[in-house]
Each structure stands twice: as C-alpha cells, then as structure tokens.
Amino acid sequence: MTAPVITGGAPGAPGTPGTPGTPGIAGTRATLRRNFRRGVWRVLRRKPSRIVGVAILAMFAFMGIFGPLLYPARLPRDDNALYAAPSLAHPFGTDFEGTDVLALVVTGARYVLLTALVTAVITVAVGTAVGLFAGFRRGRWDSVLMRITDMKLTIPALPLLLVLSTVWKFTSALEMGLVLGLLGWGGVARAVRAQTLSLRERGFIEAARGLGLSGRHIVGRELLPSMAPFIAMNMLIAVTGAVYAQVGLFFLGVLPFDANNWGVMLNLAVFGGGALTTTTALPYMLAPLLAILLLTLGIVLVVDAMDEIFNPRLRED
C-alpha cells in the first residue's frame with residue numbers, strides 16, 4: 001500500500017491548512033452557520049404564517065418575562081366597574097372585582113409559561129436520556145427501562161395529582177412543572193428509543209464503532225445531534241401539553257387558587273361569573289382562552305417551519 005502523499009506549501013499560500021489563505025475549521029463552521037441562518041430565513045419567508053408563529057412566541061416570551069413588571073404587584077380595582085364591558089380603557093373588560101382582564105392575562109402568563117417550560121425541559125431531558133440509553137444499549141437495560149416506561153404510562157395522572165394536591169399546594173411554578181414533567185416523559189422515551197434503534201444501524205454509527213470510539217462519544221457526538229430536531233419539536237409540543245394540563249387542573253378546582261393564572265380565570269369566569277349562561281362574564285372567559293389559542297397556534301406554526309428546516313425532503317427549492 002502506498003503511503004498518502006501530503007502536499008505542502010509555503011506559509012500563507014492558498015490551500016495550506018492553518019494559513020491565512022485557507023478558511024480552516026473555524027471558517028468552515030462560520031460558513032455552515034451562515035448557510036443555516038439563510039436556510040432558516042428562506043423557510044420562514046416561504047410561508048409568512050411561520051413568521052407570524054415566531055412573532056407570537058416572541059410576544060408570549062416577552063409577556064412572561066416582562067409582563068408582570070408593567071403592572072403593580074397588586075392590580076387596581078374599580079368597585080364601580082364590576083364585569084365592565086370591553087372598552088378602550090379595558091380591552092377585555094373587567095372581572096368580578098373590577099380588575100382589568102387584560103392585566104390579569106398578562107400577569108398570569110408568567111406562572112403558566114414558566115410551568116410549561118419547566119415541564120417541557122424535564123419531560124424531554126428524562127425521556128431523551130431513557131430512550132437513548134435503552135435504544136443504544138438494548139438487551140437487559142432496554143427491557144428494564146421499557147418496563148419502567150410502560151408502568152409510568154399506565155399511571156393515571158389526574159388521580160395522582162388529586163392525591164398530591166391534598167398535601168402539596170403547588171404555589172410555585174417550578175413545583176408544578178416538576179410534577180407534570182415527571183408524569184409526562186414516558187411518551188418521549190418511547191419515541192426517542194424508536195429513533196435510536198433506527199439510527200444505530202446507519203452507516204455512520206457503524207463507522208464510529210469500527211474506529212473504536214466510546215459509547216459516550218457515539219451517543220453524545222453522533223446520535224444526539226442527529227435527533228436534535230426531533231427533540232426540539234417534542235419540546236415545543238410538550239409546552240402545549242403542559243399548558244393544557246395545568247390550566248385544566250386549575251379550571252377544575254383541583255389545585256388551590258394561590259397564584260393568578262389563566263386556569264384560575266377560567267374557573268372564576270365559568271363557576272363564579274356564570275359565563276356559560278350569561279354574557280356578563282363572557283369577556284372574562286374568552287381572554288384566557290384567546291391567549292391559549294394564540295400560544296398553541298404559534299407553536300404549531302413554528303413546529304411546521306422546523307419540520308421543513310430539518311427535513312430536506314420537505315424543502316421546496
């Protein structure tokens with residue numbers, strides 16, 4: 001076998017690695033990042049609705065971070081404007097205490113969005129770790145972890161939350177997100193395991209094994225980056241599920257009303273204001289529903305864009 005011939009060049013000559021005439025690894029990465037950003041913008045621009053989705057998510061992120069800072073800690077009340085109709089001063093009217101409904105939606109967004117974010121992070125982190133490990137190792141570890149996952153999927157979440165609510169008040173969004181996250185990782189683990197079983201038989205994984213690379217390197221540098229788009233989309237979907245779960249629990253009165261959020265507003269509007277039987281409290285009920293609808297719409301539009309960004313078969317040239 002003939003040894004490979006390495007052509008050298010004078011320092012600074014074009015084509016010599018590590019010289020000013022060659023972009024090198026850093027230049028290649030910068031080019032890839034630039035091309036990726038251009039591809040993302042091209043995908044978003046192809047359908048203006050996707051830009052709308054990004055704008056909606058940015059608006060809710062701003063609302064959750066800075067929204068409560070725009071209002072005083074204790075929202076003002078007007079005893080002379082109970083269940084006032086929508087107006088310029090109160091775009092969504094007022095509630096049973098004369099408090100502006102829009103202010104309630106904005107200030108209640110932080111609890112809802114922070115809980116959803118914590119839930120999504122825990123759900124995806126635990127589910128991805130379990131699914132990757134089970135799918136890559138297979139054998140006994142796969143059987144044990146999948147049986148645990150199956151047991152987790154059979155546990156009814158609502159009765160368990162009913163029991164927990166008797167001893168745990170869930171006043172913190174972190175506590176709520178922790179519980180919902182630990183109850184919701186089973187489906188992600190199953191999906192990630194299926195993806196791992198498919199990817200581990202691909203040529204680049206076989207090549208990595210042939211080079212003697214460690215399992216940690218293969219999982220962290222080969223498998224995980226390949227599944228990053230799939231994991232990111234699952235995280236956005238988990239945010240939607242967490243919003244529905246917590247709002248539904250507060251709406252049903254399962255959890256105490258120690259924090260202002262959209263679920264509490266729905267409960268008070270329906271069961272306290274009779275929004276389903278009279279139009280007096282109807283704006284009070286519609287405001288949080290509109291917020292949930294917009295958030296869901298934004299996530300759906302962004303997931304649609306991500307699907308085309310990371311799946312070359314869906315791209316339209």
Side-chain angles (χ1 to χ4, degrees), residues 48-117 170-171 173 176 236 239-303:
S49 59
R50 295 169 176 173
I51 300 179
V52 174
V54 174
I56 291 174
L57 293 189
M59 179 192 69
F60 276 102
F62 180 87
M63 186 187 301
I65 297 172
F66 301 105
L69 302 178
L70 303 176
Y71 298 93
R74 186 175 181 84
L75 296 177
R77 301 176 181 177
D78 187 358
D79 294 334
N80 297 321
L82 304 183
Y83 286 124
S87 62
L88 291 178
H90 307 292
F92 290 99
T94 61
D95 68 350
F96 61 97
E97 294 178 325
T99 305
D100 183 55
V101 172
L102 179 61
L104 290 172
V105 171
V106 173
T107 55
R110 175 175 290 183
Y111 185 99
V112 174
L113 297 178
L114 182 57
T115 299
L117 181 61
F170 297 102
T171 56
M176 188 72 183
L236 285 176
V239 168
T240 306
V243 170
Y244 293 158
Q246 62 176 306
V247 169
L249 290 171
F250 279 106
F251 170 72
L252 294 174
V254 174
L255 302 177
F257 296 170
D258 292 339
N260 172 41
N261 61 69
W262 301 339
V264 173
M265 294 177 64
L266 289 173
N267 180 283
L268 295 176
V270 173
F271 299 111
L276 298 181
T277 58
T278 178
T279 59
T280 304
L282 190 59
Y284 186 32
M285 180 186 71
L286 293 180
L289 288 178
L290 179 61
I292 297 171
L293 176 63
L294 280 177
L295 179 60
T296 304
L297 177 63
I299 291 176
V300 169
L301 294 176
V302 171
V303 168

* Got Leu297 and Leu293 here, is their nearest side-chain heavy-atom distance under 4.5 Å? ->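 No, side chains not in contact.
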
* **Val264 vs Asn261 side-chain heavy atoms within contact, under 4.5 Å** =>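 Of all side-chain heavy-atom pairs linking Asn261 with Val264, at least one is under 4.5 Å.
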
* Asked: So how far is it from Thr107 OG1 to Asn260 CG, rounded to the nearest 0.5 Å?
  ->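 Separation between the atoms: 4.5 Å.
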
* Rounded to the nearest 0.5 Å, how far does CG of Leu57 lie from CG of Leu301? ->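 Reported value, rounded in 0.5 Å steps: 8.5 Å.
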
* Write down the atom of Gly64, the atom of Pro68, and the distance for their closest heavy-atom approach. =>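 Shortest heavy-atom contact: O-CD, 4.0 Å.
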
* **Atom of Leu113, atom of Phe60 and distance for their closest heavy-atom approach** =>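 Between these two residues, the closest heavy atoms are CD1-O, 3.1 Å.
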
Using atom types as modelled, flag every donor-acceptor pair under 3.5 Å from a side chain in residues 273-292 to any protein atom, sequence neighbours excluded.
from: Thr277; atom 1: OG1; to: Gly274; atom 2: O; distance (Å): 3.1
from: Thr278; atom 1: OG1; to: Thr280; atom 2: N; distance (Å): 3.4
from: Thr278; atom 1: OG1; to: Thr280; atom 2: OG1; distance (Å): 3.2

* side chain to side chain donor-acceptor pair (under 3.5 Å): which pairs involve residues 291-301, sequence neighbours left out? ->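 Applying side chain to side chain donor-acceptor pair (under 3.5 Å) to every pair that reaches into residues 291-301, excluding sequence neighbours, yields Tyr244-Thr296.
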
* Residues in salt bridge (charged side-chain N to carboxylate O under 4.0 Å, His left out) contact with Arg110, at least two apart in sequence or another chain ->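 Residues passing salt bridge (charged side-chain N to carboxylate O under 4.0 Å, His left out) with Arg110: none at all.
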
* Counting N and O atoms only, with roles assigned by atom type, does the side chain of Gln246 sit under 3.5 Å from a partner on the main chain of Thr115, one being a donor and the other an acceptor? ->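 Not a single qualifying donor-acceptor pair exists.
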
* To do: Test side-chain contact (heavy atoms from CB on, under 4.5 Å) on Phe250 and Met265 and set out the steps.
  => CA-CA 9 Å; Phe250 279 106; Met265 294 177 64; over 6 Å; no

* Apply side-chain contact (heavy atoms from CB on, under 4.5 Å) to Met176 and Tyr111, showing your working. => CA-CA 9 Å; Met176 188 72 183; Tyr111 185 99; 3.7 Å; yes

* **ring pair (Phe, Tyr, Trp, His ring centres under 6.0 Å) partners for Phe66, two or more places apart** =>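 For Phe66 the ring pair (Phe, Tyr, Trp, His ring centres under 6.0 Å) partners, ignoring immediate neighbours, are Phe62.
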
* To do: Please name all residues satisfying ring pair (Phe, Tyr, Trp, His ring centres under 6.0 Å) with Phe251, sequence neighbours left out, ordered by chain then number.
  =>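 Expected list: Phe271.
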
Sequence neighbours left out, cut at 3.5 Å: what donor-acceptor pairs do the side chains of residues 83-104 make with other protein atoms?
from: Ser87; atom 1: OG; to: His90; atom 2: N; distance (Å): 3.3
from: His90; atom 1: ND1; to: Asp100; atom 2: OD1; distance (Å): 2.9
from: Thr94; atom 1: OG1; to: Ala81; atom 2: O; distance (Å): 2.5
from: Thr94; atom 1: OG1; to: Tyr83; atom 2: N; distance (Å): 3.2
from: Thr94; atom 1: OG1; to: Ala84; atom 2: N; distance (Å): 2.7
from: Asp95; atom 1: OD1; to: Glu97; atom 2: N; distance (Å): 3.0
from: Asp95; atom 1: OD1; to: Gly98; atom 2: N; distance (Å): 3.1
from: Asp95; atom 1: OD1; to: Thr99; atom 2: N; distance (Å): 2.7
from: Glu97; atom 1: OE1; to: Arg77; atom 2: NH2; distance (Å): 3.4
from: Asp100; atom 1: OD2; to: Ala103; atom 2: N; distance (Å): 3.1

